[in-house]
> 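One structure follows; several queries about it will come next.
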Amino acid sequence: MDDNYQTYMNRVARMTLPEAYASQVQYLKQSPKFATHPGGEKKTVPFPGYTLINPPNEEKDTVNSAFYSKLQDYQQEILQLPLASDFIIPLPPNSFHLTLADLIWDSAYRDAKETNPNFEAQLQSCFDDIFQQYQNSVTLDNPPKWQMLGLMLMPRAIAVCLVPVDKNSYEQIVNLRRAIYQNPKLMALGIEQQYNFTAHVTLGYFGEIPADFKRADFAMMLSELNQKWMENLPELTVHRAELRKFDDMTSYYREADSPVLLFS
């Protein structure tokens, strides 16, 4: 289901063009993952599940500290745009991460736990096996490296889009995803691939879209930011893949003995 290397590169390159923003900005929607409380404060709503990610920024990952620091600066620049402060709900910088594989979330996760009391133990066991088989099938001595390409608009969120620095970096991640989504035991737990891989780090979600929101102006501002950042694009090294649990969109944590795949 995932693209080959060249198709991926062509597809994501188009996502960061001015005409892409001009189109995508027409379809922005309020995210259901946050709610406005009395007084106007925006808080997360419960959204539990499991995912496979690289260590998030809160781990003080020294390998990627410069990358996450630069993303925090970019997030602040976006929030300072004249049209952004009222409707972008920023994610805590400590939560910044790259999702390697979406697994299970929200009602599907709740249903799985309700119908199978051993769901979480079986999930961990599956990933122990998947990681071991993957390590046995490849030489893990050159961790995948990804570079920021530019801003990426999704219907309910804004993110930075990433591209691999070479074909090998891309294929290591795609091969891991294939090992996950084609695993029969994992499929039996109700986990299946629902999205093509588009490497990104989410910076914020959209709250209520103002009635007088100037969409064309916002698209132009994002294009201008992209041009400003072009000469200093940070790089992310995927040196670990970790099975992590989350309760909402701001915190991703490892449980005891949770499986880890080391790329180096």
> For the residue pair Ile209 and Arg215, what are the closest heavy atoms and their distance?
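Where Ile209 meets Arg215 most closely, the heavy atoms are CG2-NH2, 3.8 Å.
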> Take atom CG of Asp257 as the centre, draw a 6.0 Å sphere, and report whether it contains more than 12 heavy atoms from other residues, nucleotides or ligands.
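Count not over threshold, so no.
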> Is the shortest distance from a Lys or Arg side-chain nitrogen in Glu208 or Lys29 to a carboxylate oxygen in the other one below 4.0 Å?
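Looking at Lys29 together with Glu208, the answer is no, because their closest N to O distance does not fall below 4.0 Å.
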> Can you find a heavy atom in the side chain of Pro259 that is under 4.5 Å from one in the side chain of Gln124?
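They are in side-chain contact.
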> Is it the case that the side chains of Asp166 and Ser169 hold a donor-acceptor pair, with the cut-off being a distance below 3.5 Å and no angle test?
yes
> What's the shortest heavy-atom distance between Ala35 and Val45, and which atoms?
CB-CG1, 3.7 Å
> Spell out, as yes or no, whether a donor-acceptor pair under 3.5 Å connects the side chain of Ser223 to the backbone of Ala219.
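The answer is yes, because a donor-acceptor pair under 3.5 Å joins these two groups.
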> Any non-hydrogen side-chain atom of Glu120 less than 4.5 Å from a side-chain atom of Lys245?
yes
> Would you confirm whether the ring centroid of Phe87 sits within less than 6.0 angstrom of the ring centroid of Phe218?
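Yes.
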> Is there a donor-acceptor contact under 3.5 Å from the side chain of Arg240 to the main chain of Asn54?
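A pair under 3.5 Å: no.
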> Does any donor atom in the side chain of Ser95 or His97 lie under 3.5 Å from an acceptor atom in the other side chain?
no
> How about Asn136 and Gln132: does a side-chain donor come under 3.5 Å of a side-chain acceptor?
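Asn136 vs Gln132: donor-acceptor pair found between side chains.
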> Within a strict 4.5 Å, meaning less than it, do heavy atoms of the Tyr68 and Leu236 side chains meet?
yes
> Is the Trp146 to Phe197 ring centre distance short of 6.0 Å?
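Trp146 vs Phe197: aromatic centres under 6.0 Å.
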> Using only atom types and a distance under 3.5 Å, with no angle test, would you say the side chain of Gln193 pairs donor to acceptor with the backbone of Tyr195?
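Answer holds: yes.
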> Any side-chain to backbone donor/acceptor pair from Ser65 onto Thr62? Under 3.5 Å, distance only.
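Yes.
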> Could you see if Met9 belongs to whatever hydrophobic cluster contains Leu17? Use Ile, Leu, Val, Met, Phe, Trp, Tyr and a side-chain cutoff under 4.5 Å.
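Not linked; separate clusters.
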> Determine whether Phe67 and Thr237 make a side-chain contact, defined as any pair of heavy atoms from C-beta on separated by less than 4.5 Å.
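No. Closest side-chain heavy atoms not under 4.5 Å.
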> Going hydrophobic residue to hydrophobic residue with side-chain gaps under 4.5 angstrom, can you get from Val260 over to Tyr252?
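No, Val260 does not connect to Tyr252 through the hydrophobic network.
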> Tell me whether Asp2 is salt-bridged to Arg177, with the criterion being a basic N under 4.0 Å from an acidic carboxylate O.
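The answer is yes: the pair qualifies as a salt bridge.
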> Please determine whether the number of non-hydrogen atoms from other residues, nucleotides or ligands lying under 6.0 Å from atom CD of Gln26 exceeds 12.
yes
> Mind listing the closest non-hydrogen atom pair of Pro56 and Asn94 along with its distance?
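Minimum heavy-atom contact is CB-O, 3.8 Å.
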> Which heavy atom in Glu192 sits nearest to a heavy atom in Tyr181, and how many Å separate them?
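Scanning both residues completely, I find the closest heavy atoms to be C-CD2, 3.8 Å.
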> Walk me through whether Asn10 and Gln6 qualify under side-chain hydrogen bond (donor to acceptor under 3.5 Å, both in side chains).
CA-CA 6 Å; Asn10 294 340; Gln6 195 57 56; 3.2 Å; yes
> Any side-chain heavy atom of Leu225 within less than 4.5 Å of one from Leu151?
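SC-SC contact between Leu225 and Leu151 confirmed.
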> Do the non-hydrogen side-chain atoms of Leu243 and Leu103 ever get within less than 4.5 Å of each other?
yes
> Considering non-hydrogen atoms only, spot the tightest contact between Tyr21 and Gly150 and give its length.
OH-C, 4.5 Å
> State whether Glu255 and Arg244 are salt-bridged, where the test is any N-O pair (Lys NZ or Arg NE/NH1/NH2 against Asp/Glu carboxylate O) under 4.0 Å.
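Looking at Glu255 and Arg244, the cut-off is not met.
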> Could you state whether Phe206 and Phe213 fall into the same hydrophobic cluster, counting links through intermediate Ile, Leu, Val, Met, Phe, Trp or Tyr residues with side-chain heavy atoms under 4.5 angstrom apart?
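Linked, Phe206 and Phe213 end up in one cluster.
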> Ignoring hydrogens and geometry beyond distance, is a side-chain donor-acceptor pair present between Asn4 and Thr7 at under 3.5 Å?
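Asn4 vs Thr7: donor-acceptor pair found between side chains.
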> Heavy atoms, side chains only, cut-off 4.5 Å: are Leu71 and Val201 in contact?
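A side-chain contact under 4.5 Å exists here.
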> Measure the acute angle between the ring planes of Tyr134 and Phe263, then classify it against the limits of 30° and 60° as parallel, tilted or perpendicular.
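The rings of Tyr134 and Phe263 stand perpendicular, inter-plane angle above 60°.
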> Is there a continuous path of hydrophobic side-chain contacts, each under 4.5 Å between heavy atoms, that joins Leu261 to Val63?
no
> State whether Asp3 and Arg11 are salt-bridged, where the test is any N-O pair (Lys NZ or Arg NE/NH1/NH2 against Asp/Glu carboxylate O) under 4.0 Å.
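Between Arg11 and Asp3 there is a salt bridge, with a charged N closer than 4.0 Å to a carboxylate O.
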> Given the rule that I, L, V, M, F, W and Y join up when any side-chain heavy atoms are under 4.5 Å apart, are Met187 and Leu52 in one cluster?
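In one cluster: no.
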> Has Gln147 got a side-chain atom pairing as donor or acceptor with Val165's backbone, closer than 3.5 angstrom?
no
> Should the heavy atoms of other residues, nucleotides or ligands under 6.0 Å from OH of Tyr253 be counted, would the total exceed 12?
yes
> Does Gly204 offer a backbone N or O that forms a donor-acceptor pair with the side chain of Thr202 under 3.5 Å?
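Not a single qualifying donor-acceptor pair exists.
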> Is there a side-chain contact between Leu100 and Ile53, using heavy atoms and a 4.5 Å cut-off?
no
> Answer with yes or no whether the side chains of Tyr8 and Asn196 bring together a donor and an acceptor at under 3.5 Å.
no
> Atom NZ of Lys42 and atom CD of Gln30: how far apart are they, to the nearest 0.5 Å?
8.5 Å
> Quick test of your reading of the model: are Glu19 and Arg14 salt-bridged, counting only N-O distances below 4.0 Å?
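The answer is no: the pair does not qualify as a salt bridge.
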> Name the one of Met148, Met152, Met15 that satisfies side-chain contact (heavy atoms from CB on, under 4.5 Å) with His200?
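For His200, the side-chain contact (heavy atoms from CB on, under 4.5 Å) check succeeds only for Met152.
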> State whether the side chain of Asn183 and the backbone N or O of Ala179 hold a donor-acceptor pair below 3.5 Å, judged by distance alone.
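The answer is no, because no donor-acceptor pair under 3.5 Å joins these two groups.
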